[in-house]
Amino acid sequence: MLDIKLIRENPEDVKTRLKGKEIDCDEIIDRILVLDAERRDLIFKTENAKSEQNKVSKEIPQLKKQGADTTEVLARMNTLKEEIKSLDNQLKQVENEYNELMLSLPNLPDPDLKFGGKENNAPIRFFGSSRTLDFEPKNHVELCTELGLIDYTRGAKLSGNGYWIYRGMGARLEWALLNYFIEVHQLEGYEFVMVPHTLGYECGLAAGQFPKFKDDVYWIEAEEDQQRRFLLPTAETALVSLHMYEILTEAELPRKYIAYTPCFRREAGSYRAEERGMIRGHQFNKVEMFQVTKPEDSDAAFDELVTKAEMLVKNLGLKFRTVKLAAGDCSASMARTYDIEVYIPSMNGYKEVSSVSNARDYQARRGQIRFRREETGKIEYCHTLNGSGLATSRILPAIVEQYQQADGSVIVPQALRRYMRGKETITKDDIKRVTMKSPLSCG
RNA sequence: GGAGAAGUACCCAAGAGGCCGAAGGGGCUCCCCUGCUAAGGGAGUAGUGCGUGAUGAGCGCAGCGAGGGUUCAAAUCCCUCCUUCUCCGCCA
């Protein structure tokens, strides 16, 4: 949520900056300004009426004690009551529309970002290099299937398109990645938290995913609307809400968290042929990094998160790059975002494995996440930042493709071996050890 | 899943239609006393949100788990929901 004072004082400035996100909010902002004025006018009127109501109400018991006639006063009270009721209703209506519009406005992009969409994203750093191969490389779908790492067929059987099953060495590789991430983060002072995987509406609202993207998540039906929960699309949604409605002490900041969760996304209509395999699924695993900071510390925190994500990929020995997103490619809640993109040889392109963002006070305003500054005693909004550290569903394809050998085996990255009992190479022979004879013939 | 009880400030807690923005205690802050400590005496301590104002002081409105209702008037009466606790059932 944006600061209404900012909109009130510099509406044109806000409009211009939002245009950088490729969204024209001029009409919304003009409407907000009208509603804001109406709102304050109604508040003034209601409060005056209520003030009188309070005053008169105090007189009544005294009048009664004196035995005076109260019919006139009671009549006045009745009038006030009606007046207040009507004003309150008007105010409620105005505020409903006002809140709806305020919640619909995206965050302001940082001033240093390029305007426009994806086409203006700029790679700022490159890491690693491609091997020159003396054999025809396979893509990750072939490799994962042949090595028995991923069971796409049975995944689809269980839950449909967009789901897969990690099996045998595939499951161990996945688990090793997650353990590697979690361990590194903990060594660096991040608190490991395990959160519920189903969340209430407020969490999505605070994170900025709702109301706009409420159809992008899976909802769990419930008899009462209040009991409806959704499967989290990212642990960020849970972590933002951890300190919702809280006032933290300055000493408590920064809060640094990591969480591992599966992430559930509908990804309606986003399937592309090139994204087969596990490049885009309805469920994937992710370790999420999250920070709550003082406003003046969020830029440094952002750099820290980007560096952490880079180090994780770098230590896996993968070729990747870091991309500074243009304003229009940053998601609605974010003021700035850098993506870490890993190289997928078969796609001859880069795919996002981490997205690090600074929401500044946008989420904090929505979720009332605040702190008391010691020096002044004043309450201010915190800044929130998040970054994947990392999502595995594209790291694993990158590993198998970038580490594949002529004989179809895959070398296990050094960093992961300690989480795999020293395993150095995954070969087809590994399947025999873990696969049981299937009662069904599945391809 | 069923039955019951409860949710008041940093914590415990009184309060049962107007005299309640809310007793009392603990804690915390300040002051006094005692050489230090322990003990004692006194004063202060409702955050917050919103409106107004100069992002000050002040004033006003809301606020006793949340939302509705009854009433001239609600912490107090009624309804719905949420949460916590106890008991029973079911179970990884």
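Letters A, B, ... mirror the listed sequences (proteins, then strands); counts begin at 1.
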Please tell me if A:Lys58 has a side-chain N or O lying less than 4.0 Å from either OP1 or OP2 of B:C72.
no

Please confirm whether the shortest side-chain N or O distance from A:Arg372 to OP1 or OP2 of B:U48 is below 4.0 Å.
yes

Presence of salt bridge, A:Lys21 and A:Asp329, under 4.0 angstrom
no

Rounded to the nearest Å, what distance is computed from the CG atom of residue A:Leu248 to the P atom of nucleotide B:U48?
14 Å

Once you apply a heavy-atom cut-off of 4.0 Å, does A:Lys85 come out as touching a base, just sugar-phosphate, or nothing?
nothing

Closer to the 5' end of RNA chain B via nearest nucleotide, is it A:Pro61 or A:Ile247?
A:Pro61

Rounded to whole angstrom units, what separation is found between the CD1 atom of A:Ile4 and the P atom of B:C50?
12 Å

Rounded to whole angstrom units, what separation is found between the CD atom of A:Glu82 and the P atom of B:U70?
10 Å

Contacts of A:Ser388 that satisfy side chain to side chain donor-acceptor pair (under 3.5 Å) - sequence neighbours left out
none

When you compare B:G24 with B:C77, how far apart are their C1' atoms, in angstrom units rounded to a whole number?
26 Å

Would you mind reading off the distance between A:Glu59 atom CD and B:C19 atom P, rounded to a whole angstrom?
14 Å

May I ask you to check whether A:Tyr257 and A:His243 show a side-chain donor-acceptor distance below 3.5 Å?
yes

Taking A:Glu250 first and then A:Arg372, would you say they form a salt bridge - that is, a charged N and a carboxylate O separated by under 4.0 Å?
no

B:G1 to B:C90 separation - C1' atoms, rounded to the nearest Å
8 Å

Is the closest basic N to carboxylate O distance between A:Arg266 and A:Asp215 below 4.0 Å?
no

For nucleotides 52-63 of chain B, read 5' to 3', which letter fits each nucleotide if B means a protein heavy atom sits under 4.0 Å from the base, S means only the sugar-phosphate is that close, and - means neither?
S-------BBS-

In whole angstrom, give me the gap between the P atoms of B:U83 and B:A74.
28 Å

Tell me: CD1 of A:Ile60 to P of B:C19, nearest whole Å?
12 Å

Take atom C1' in B:U76 and the same atom in B:A23, then report the distance between them in whole Å.
15 Å

Here's a test of your reading of the structure: between A:Arg370 and A:Met77, which maps to the more 5' nucleotide of RNA chain B?
A:Arg370

Could you spell out the base pairing of RNA chain B in dot-bracket, with Watson-Crick or G-U pairs whose two distances are under 3.5 Å, [ ] crossing and | to another strand?
((((((((.[[[..)..(.....]]]((((((.......))))))..(((((.....)))))..[[[[[..)....]]]]])))))))....

Less than 4.0 Å between a side-chain N and a carboxylate O, is that true for A:Lys19 and A:Asp26?
yes

From CG of A:Asp41 across to P of B:G51 the rounded distance in Å is 13 Å

Indicate whether any N or O donor in one side chain lies under 3.5 Å from an N or O acceptor in the other, for A:Tyr362 and A:His383.
no

Pairing donors with acceptors under 3.5 angstrom, does anything connect the side chains of A:Glu304 and A:Thr307?
no

Rounded to whole Å, how long is the line connecting atom OH of A:Tyr201 with atom C1' of B:A66?
18 Å

Using the C1' atom as the reference point in each nucleotide, state the distance between B:U55 and B:C64 in Å, no decimals.
30 Å

Is there a donor in the side chain of A:Ser298 and an acceptor in the side chain of A:Asn358, or the other way round, less than 3.5 Å apart?
yes

With a 4.0 Å cut-off on heavy atoms, is A:Leu80 in touch with a base, just the backbone sugar-phosphate, or nothing at all?
nothing

Length of the line joining A:Arg228:CZ and B:C82:C1', which is rounded to integer Å:
18 Å

Please state the C1' separation for the pair B:G18 and B:A6 - nearest whole angstrom.
27 Å

Would you say the side chains of A:Gln363 and A:Glu236 form a donor-acceptor pair under 3.5 Å?
yes

